[in-house]
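See below for the structure under consideration.
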Number of protein chains: 2
Amino acid sequence: MLTDQPLEDMPPHPGEHRAADIVVATIEQDIVSGLLENGSLLPPERDLMGRFGISRTVVREAIATLTTRGLLESKPRHRPVVRKPGYDAAFSAVGGVVSHLLRQDGGVKTLYDVRIFLEASLVRHAALHARKEDIAALRAALERNHAAIDDPVLFDNTDVAFHAVFYGILGNPVFPAVHRAFVTWLFEHWQSMNRSPEQNLIYYAGHKAIFDAIIDRDPDAAEKALLAHLGEAWETVRGTF
Amino acid sequence: MLTDQPLEDMPPHPGEHRAADIVVATIEQDIVSGLLENGSLLPPERDLMGRFGISRTVVREAIATLTTRGLLESKPRHRPVVRKPGYDAAFSAVGGVVSHLLRQDGGVKTLYDVRIFLEASLVRHAALHARKEDIAALRAALERNHAAIDDPVLFDNTDVAFHAVFYGILGNPVFPAVHRAFVTWLFEHWQSMNRSPEQNLIYYAGHKAIFDAIIDRDPDAAEKALLAHLGEAWETVRGTF
DNA sequence: CTCCAGATTTGGTCCGACCAAAATTCGGAG
DNA sequence: CTCCGAATTTTGGTCGGACCAAATCTGGAG
């Protein structure tokens, strides 16, 4: 006989969920409840299908769904890694769509403009409300940036780190995640540019101007400096993609 | 014999594409090229498997992949709908993760704070750079809001519409999408509150204060009014979830 | 103890079938 | 002819089995 009746009998369920939904909900529960530890590996697919009494098809669909929801992180040939949902997960989940948006028309410019607007507001906020420790972090980042002028790779890193400070001052976890998303999405599109020490010096000067304005508690000057800096940066990369 | 050899022979391709990838790429192409119109229904799965000469499993996986990329919008028992990737698609793609984030600790407040910060920057920008037509749109939205004070549902709509104007002034399509995402995510959490005409009057006054400050081209006053308005709104809803 | 080859595990892909919900067709009542 | 409900077809959801290749484990040679 090909048609074995299912081991589980669930006929009295009229308007229930799909089988995959139950699996998704269960695993979801296990993740948020901590039963499945963050960073741990999901059990093998054949395990799950036995545990839930379902076919591997459904298991794989459930895994796919959980991956899109950011609760799992699956690499091609490896076991899915359990990820407790965080703000970064939200942004990484949209990577696919964003890559399309960036490819069409002025997609990169559109995103870059958002970054400019947001960061302008952030430096303005920093000028007005930065605490001592924020200023200290900014100064440290600036110095590291200065020390890296002759090292292209390191300069890039310290550059990003300097800007990252602004996104952290608010204390709201969304902004650092936004910054990381910006860096991830935008850098993919002008990774081919080769920075010279001269170029880096200009960028550093931009950073310092922003920093000085913040020290002076001058939001308008800080915003203006940030705008000049990012506008400058845009001009040097606009042709690289 | 159960093991028919595949119609396509691709042994000389060691690390090449998978069958599903070809399907994904082709459909992706058809969508971005407009061959598959936005909003139209994807052909039945059995059609696709015939057209590509592959099994339905592969078709389904391709559909799943395209869904995660935001190019398709599939509901459980229905044909997938073709969606040309837009900025709104990006945000709707993260709905799953966000719902989790909002449920934990001060998730709603965190998101609301982001909204406050962004919108404060937007009204400031509006005060400085709003054009005639922007002011007109703002005035019209404000009047509609005033006329709806006695209609709870309509007031909500006009309220959202008023705030939406600020997100549109920049002309950057990301911001309206952000606003729609805010509304979608936040409203789910305090839809149970019943607004009274008195309450609406207070809200309207807040809107008018913002508008007046923008008319006066006073960014600081506009920002302050916005902060007061949103802070006020928060206090009335913070207990409803 | 180290290291490599073979055996086992496990994810990736594919197939054909069955079921139930949805869409469509169709025939009879009005 | 129109309209509505039942029968039929279409279509998405699920299933179990199979094969492959990469990853992992295991055991013996050096």
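Predicted model, so just to flag it, every value in this text is computed and none were measured.
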Consider the side chain of [X], meaning its heavy atoms from C-beta on, and name the nucleotide among [options] that approaches it most closely.
| X | options | value |
| --- | --- | --- |
| A:Ala19 | C:dA23, C:dG16, D:dT14 | D:dT14 |
| A:Arg79 | D:dT14, D:dT11, C:dT10 | C:dT10 |
| A:His78 | C:dG11, D:dG12, D:dA23 | D:dA23 |
| A:Ile54 | C:dT10, D:dT11, D:dC15 | D:dC15 |
| A:Arg60 | C:dG16, C:dG11, D:dG12 | C:dG11 |
| A:Val58 | D:dG12, D:dC15, C:dC14 | D:dC15 |

Report the distance from atom [atom1] of [X] to atom [atom2] of [N], rounded to the nearest whole Å.
| X | N | atom1 | atom2 | answer |
| --- | --- | --- | --- | --- |
| B:Leu72 | D:dG12 | CG | P | 12 Å |
| B:Asp47 | D:dT11 | CG | C1' | 10 Å |
| B:Glu45 | C:dA20 | CD | P | 18 Å |
| B:Glu61 | D:dG12 | CD | P | 17 Å |
| B:Leu48 | D:dT11 | CG | P | 11 Å |
| A:Lys75 | D:dA22 | NZ | P | 16 Å |

Check your understanding: Pick the nucleotide of DNA chain C nearest each of B:Thr57 and A:Arg46; which residue has the one closer to the 5' end?
Key ->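 Nearest nucleotide further toward 5': that of A:Arg46.
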Check your understanding: Would you say the side-chain atoms of A:Glu119 and A:His179 include a donor-acceptor pair closer than 3.5 Å?
Key ->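 Absent: no donor and acceptor within the cut-off.
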Review point. Would you say the side-chain atoms of B:Thr67 and B:Ser74 include a donor-acceptor pair closer than 3.5 Å?
Key: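 Side-chain D/A pair, B:Thr67 to B:Ser74: present.
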Point to revise | Contact under 4.0 Å: B:Ser55 side-chain N or O vs C:dC14 OP1/OP2 | key: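 No.
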Review point. Do B:Trp234 and B:Ile116 have side-chain heavy atoms sitting under 4.5 Å apart?
Key: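 No, every pair of side-chain atoms sits at 4.5 Å or beyond.
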Practice item. Check every strand shown and say whether A:Arg56 touches a base, only sugar-phosphate, or nothing at a heavy-atom separation below 4.0 Å. Key: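 Answer is base: heavy atoms of A:Arg56 come under 4.0 Å of a base.
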Revision key, fill the gap. Sorted by position of nearest nucleotide on DNA chain D, 5' first, the leading residue of A:Met49 and A:Arg77 is A:Met49
Practice item. Taking all non-hydrogen atoms of both residues into account, name the closest pair between A:Thr158 and A:Ala148 and its distance. Key: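 It is OG1-CB, 4.0 Å.
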Check your understanding: Ring centres of B:His163 and B:His207 under 6.0 Å apart?
Key -> yes
